[in-house]
There are 2 protein chains.
Amino acid sequence: MQTPVSAQTFYAGEFQHAIDEKNRITIPARWRRDEAEEFILLPDSQNQFLLVMSPEEFARMSASVEQSASVTARDGRIFLRQLHSRAQHGIADKQGRLVLPEELCRKIGLKGEVALVGGRGRFEIWNVARWKRAHEEETATYQHVANVIGL
Amino acid sequence: MQTPVSAQTFYAGEFQHAIDEKNRITIPARWRRDEAEEFILLPDSQNQFLLVMSPEEFARMSASVEQSASVTARDGRIFLRQLHSRAQHGIADKQGRLVLPEELCRKIGLKGEVALVGGRGRFEIWNVARWKRAHEEETATYQHVANVIGL
DNA sequence: TCCACTTTGCCCCATTTTTAACCACCACCG
DNA sequence: CGGTGGTGGTTAAAAATGGGGCAAAGTGGA
């Protein structure tokens, strides 16, 4: 692997893009690494949003579950089984667009406008309306912590 | 990392500049390090002003949250999530101007004239009117503390 | 089992919109 | 007056978007 954990990709910012009738989403140019990049698509446990990450990041995530002290070996196995069956491959086309399977879009409610939310090692794709709602809830926590650490 | 904490950049002073219709702000010449410098743009938790810092400084900030004893693990996670999604990359052009995303300007109310306020490792960009108000409030506290420590 | 026929995915091209590089001026300060 | 720093506009490049067409894969019937 070329990227050590400490140099994890950082997807900065938040974007709002269209998703067209063919379920294609343009990945922000600043987030692109190489042409025809490969991603793992993973709906979150509540089907609220779609997690997108590199195969390497996915491997890291799997590994961290296995090593977690707070999860029993049995639960870990079951979790990983589901994790792998829920995950899908996604490949960006030469225009830098990610094509999403029809069913995923329906399940998560991705249509028209979607929000792309950056993060460390991964990013999320949301239905815009739902994202705004979820975002506001988190803002309270954000402000609280910001005050504590003086930001 | 090349810059040790002790050699943190210090942006001295306070400037008042125009922001043009393309949302470009000239960074004071004295604050410039290299050509086409890269910054992280982070709105403060109340959207009162825009924090600008180097990627290194941002990494330091993230790390300090993770290590803070006064924040629970869960709150820390939520905070970091938001921190990373709120932050944006900004690159200065060859004239030494920072281009701000349209939405950030709207959210924080940056238009026409803005105030650039220096600090340790970072600086802030304010709406002029709001800055003056906040500044006056702070001046009282400053004088009080100055008297206490004999400055 | 083989041959239509439909469906889906992928690739490429064209258009519009946005972003970044470049150039030129003005104004202030030494 | 001369250089540096700040500002405004123009041009060129890149990104976002939309649609068309070919090819491979899947389906059903003879």
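No hydrogens, no waters, no symmetry mates; every other heavy atom, side chains included, goes into these values.
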Could you go over nucleotides 1-3 of chain D and give all protein N or O partners under 3.5 Å, atom names and distances?
none

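Separating the CZ atom in B:F15 from the CG atom in B:L116 is a distance of 8.0 Å, to the nearest 0.5 Å. Separating the CD1 atom in A:I125 from the CD1 atom in A:I19 is a distance of 7.0 Å, to the nearest 0.5 Å.
Taking the side chain as every heavy atom from C-beta outward, B:I91 and B:V99 never approach each other to under 4.5 Å. With a 4.5 Å cut-off on side-chain heavy atoms, A:S62 and A:L80 count as touching. Put simply, the side chain of A:I149 reaches to within 4.5 Å of the side chain of B:F79, judged on heavy atoms. A heavy-atom distance below 4.5 Å is not found between the side chains of B:L41 and B:L51.
Residue pairs satisfying the side-chain hydrogen bond (donor to acceptor under 3.5 Å, both in side chains) criterion with at least one member in residues 82-107 of chain A, sequence neighbours excluded, are listed as follows: A:N23-A:E102, A:E38-A:H89, A:Q82-A:R86, A:D93-A:R97. Within the structure, side-chain hydrogen bond (donor to acceptor under 3.5 Å, both in side chains) contacts touching residues 128-146 of chain B (residues at least two apart or in different chains) are B:E14-B:W131.
Using bins of under 30°, 30° to 60° and over 60° for the plane-to-plane angle, the ring pair A:F49/A:W126 lands in the parallel bin. Between B:F123 and B:W31, the two ring planes are tilted [angle within 30° to 60°].
Remark: P of D:dA16 and CH2 of A:W31 are 11 Å apart, rounded to the nearest angstrom. Atom CD1 in A:I19 sits roughly 11 Å away from atom P in D:dG18 (whole-Å rounding).
In this structure, B:D93 reaches neither bases nor backbone, as no heavy-atom distance under 4.0 Å exists between it and the strands shown.
Residues B:N127 and B:L110 share a closest heavy-atom pair of N-CD2, 3.5 Å. Of all heavy-atom pairs spanning B:R24 and B:D20, the tightest one is NE-OD2, 2.8 Å.
Using a cut-off of 4.0 Å between Lys/Arg side-chain N and Asp/Glu carboxylate O, A:E57 and A:R120 are scored as not salt-bridged.
Contacts between residues 21-30 of chain A and DNA chain D, counted as heavy-atom distances below 4.0 Å, involve A:E21, A:K22, A:R24, A:T26, A:I27, A:P28, A:A29. Taken residue by residue, residues 95-122 of chain B places heavy atoms nearer than 4.0 Å to DNA chain D at B:Q95, B:R97.
Phosphate contact (OP1/OP2 of D:dT4, side-chain N/O of B:R32, threshold under 4.0 Å): absent.
Along DNA chain C, the stretch of nucleotides lying under 4.0 Å from any heavy atom of chain A spans, 5' to 3', C:dC10 to C:dA20.
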